[in-house]
Amino acid sequence: LPVIRASLFIEHTTDTDSAIRSLKYGGMTGNSIINRQIASADLFWNRTLAGSDAAEGFLEWFPGKTVRDVSRRGKFILISIPPKTLLIHLRMSGDLKVTDGSGAESGKHDRFRLAFTDGGRLVFSDPRKFGRIWLTAAPETVLGSLGIEPLDDGFTPEWLYDKLHTSNRMIKSVLLDQRVIAGLGNIYSDEALFSAGIHPARAACSLSTEEVARLVQAIQTVLRDGIQYNGASIDWVYRGGSFQHHFKIYGRTGEPCLICGTKIEKTTINQRGTHFCPCCQPRAEKN
């Protein structure tokens with residue numbers, strides 16, 4: 001079956017971008033979902049549906065409606081089905097598939113499905129059941145707390161410096177905070193901090209203007225690289241991306257640093273595995 005590349009946790013916004021392109025323009029699916037009319041909807045695990053709209057009438061609302069657009073905000077996929085929007089957050093193991101409607105009626109891990117009048121289907125699968133969907137006429141009620149997009153023009157060294165210097169938290173924790181930066185996740189934070197030469201446990205407020213400037217450039221570079229390679233596939237539930245072949249730090253515990261040869265170490269920050277080079281990313285804060 002033709003399948004789109006979805007996200008990794010959604011670990012990072014680049015994998016969401018890959019999913020958006022496939023849903024909107026066809027990409028690896030071979031078919032766009034834009035302007036396709038919905039025949040029916042099925043919910044296979046009730047807790048997949050989040051928010052106050054998770055009440056009666058949810059499945060009955062879809063028939064006869066038409067998909068008009070697909071976009072992204074942070075790690076959320078937004079499918080415009082006027083007068084409402086279907087929001088999907090794939091989280092750790094979520095996957096979206098566009099199929100031709102043939103084959104099995106539903107897969108073991110399928111949580112939600114839209115069937116189109118032309119016979120095709122959009123299927124949300126999620127082995128670990130972390131992903132969620134919302135149907136709402138007011139997307140900002142779900143998205144309103146999200147921070148700046150890291151590829152927006154407003155994401156500048158000056159903006160980030162001001163944000164960081166109000167926080168004593170570890171820099172990795174700040175980067176993972178979706179209220180500060182929308183869509184940046186664990187893998188890309190590690191890669192960006194390594195590229196910028198900043199230890200992930202440094203206090204955010206300790207970074208100099210030069211370090212912040214390097215960090216902004218590093219974040220945008222690794223995100224653009226991820227988009228170029230359609231994100232990363234690093235587990236059996238993920239497919240399609242190849243950025244994992246270009247990781248400089250993530251997942252390389254005990255291997256030699258590509259710059260200095262020192263063994264890469266791993267620690268835990270915010271309950272997330274965090275990789276760093278103790279030589280290229282010294283813990284001591286520079287004066």
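Since this is a predicted model, take the numbers as computed values, not measurements.
- A heavy-atom distance below 4.5 Å is not found between the side chains of S22 and V98.
- The backbone N or O of L207 lies less than 3.5 Å from a partner atom in the side chain of H165, making a donor-acceptor pair.
- For K24, the NZ atom counts as densely surrounded, since its 6.0 Å shell holds more than 12 non-hydrogen atoms of other residues, nucleotides or ligands.
- The shortest side-chain heavy-atom distance between T48 and K129 does not fall under the 4.5 Å cut-off.
- In the hydrophobic clustering of ILVMFWY residues, with side-chain heavy atoms under 4.5 Å counting as a link, Y161 and L215 come out together.
- At a threshold of 4.5 Å between non-hydrogen side-chain atoms, the residues K163 and I181 do not count as touching.
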> Should R272 and D190 be marked as a salt bridge (Lys or Arg N to Asp or Glu O under 4.0 Å) after you check the CA-CA gap, both sets of side-chain angles, and the distance that decides it?
Replying inline: CA-CA 10 Å; R272 306 305 304 275; D190 280 5; over 6 Å; no
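- Under the 4.5 Å side-chain criterion, counting only non-hydrogen atoms from C-beta, L176 is in contact with S189.
- Atom CD of Q271 sits in a sparse spot, with 12 or fewer heavy atoms from other residues, nucleotides or ligands closer than 6.0 Å.
- No chain of hydrophobic side-chain contacts below 4.5 Å, direct or via other Ile, Leu, Val, Met, Phe, Trp or Tyr residues, connects I249 to V222.
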> Does the pair V142 and R132 meet the rule for a side chain to side chain contact (heavy atoms under 4.5 Å, CB included), with working shown?
Replying inline: CA-CA 12 Å; V142 179; R132 293 292 181 268; over 6 Å; no
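- Remark: side-chain polar atoms of Q281 are paired, donor with acceptor, to backbone N or O of I198 under 3.5 angstrom.
- T156 has its side chain out of reach of V216: every pair of non-hydrogen atoms, C-beta onward, lies at least 4.5 Å apart.
- Counting only N and O atoms by type, the side chains of D95 and S125 include no donor and acceptor under 3.5 Å apart.
- The number of heavy atoms from other shown groups lying within 6.0 Å of NZ (K248) does not exceed 12.
- A donor-acceptor pair is defined here as one N or O able to donate and one able to accept, closer than 3.5 Å; no such pair exists between the side chain of R169 and the backbone of I171.
- Residues E158 and T209 fail the side-chain proximity criterion, which asks for heavy atoms closer than 4.5 Å.
- A salt bridge does not link D126 to R91: none of the charged nitrogens lies less than 4.0 Å from a carboxylate oxygen.
- The two residues V123 and R113 make their nearest non-hydrogen contact at CG2-CG, 3.9 Å.
- Between the side chain of N168 and the backbone N or O of C205 there is no donor-acceptor pair closer than 3.5 Å.
- The shortest non-hydrogen separation linking G147 to A182 is O-CB, 3.5 Å.
- Residue F112 holds its CZ atom at 7.5 Å from CG of L122, rounded to the nearest 0.5 Å.
- Cluster annotation: I133 is connected to W61 through the hydrophobic network of ILVMFWY side chains, with a link wherever side-chain heavy atoms come within less than 4.5 Å.
- Taking NZ from K172 and CZ from R202, the interatomic distance works out to 15.5 Å, rounded to the nearest 0.5 Å.
- In the hydrophobic clustering of this structure, I187 does not group with F194; members are Ile, Leu, Val, Met, Phe, Trp, Tyr whose side-chain heavy atoms approach within less than 4.5 Å, directly or through other members.
- Expressed to the nearest 0.5 Å, how far NE2 of H89 lies from NZ of K75 amounts to 6.0 Å.
- For E255, the CD atom is densely surrounded, since the number of other residues' heavy atoms within 6.0 Å is greater than 12.
- Using modelled atom types, no side-chain atom of D152 and backbone atom of G154 make a donor-acceptor pair closer than 3.5 Å.
- R73 contributes atom CZ, which lies 4.5 Å from atom CD of E149 (distance to the nearest 0.5 angstrom).
- Relative orientation of the W159 and F155 rings is tilted, given thresholds of 30° and 60° on the angle between their planes.
- Between atom SG of residue C277 and atom NE2 of residue H199 there is a gap of 9.5 Å, rounded to the nearest 0.5 Å.
- One hydrophobic cluster holds both L90 and L23 under the rule that ILVMFWY side chains link at heavy-atom gaps under 4.5 Å.
- Under the 4.5 Å side-chain criterion, counting only non-hydrogen atoms from C-beta, L114 is in contact with L86.
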>> Pair E191, D225 - check side chain to side chain contact (heavy atoms under 4.5 Å, CB included), show working.
In response: CA-CA 11 Å; E191 292 291 314; D225 287 346; over 6 Å; no
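- A pairwise comparison of heavy atoms in P82 and R68 identifies CD-CG, 3.5 Å as the closest pair.
- To the nearest 0.5 angstrom, L87 atom CG is 7.5 Å from T136 atom OG1.
- L164 places none of its side-chain heavy atoms less than 4.5 Å from the side chain of E211.
- Screening D42, D100, T99 for a side chain to side chain contact (heavy atoms under 4.5 Å, CB included) involving R121 leaves a single residue, T99.
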> What's the verdict on side chain to side chain contact (heavy atoms under 4.5 Å, CB included) for C257 and C279, showing C-alpha distance, side-chain angles and the deciding distance?
Replying inline: CA-CA 9 Å; C257 172; C279 179; over 6 Å; no
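- Of all non-hydrogen atoms in Q178 and G183, the two that sit nearest each other are OE1-N, 2.6 Å.
- Summarising the geometry of F276 relative to P200, their closest heavy-atom pair is CB-CD, 3.7 Å, with the distance given to 0.1 Å.
- Here the shortest heavy-atom pairing between I264 and H275 reads CG2-CB, 4.3 Å.
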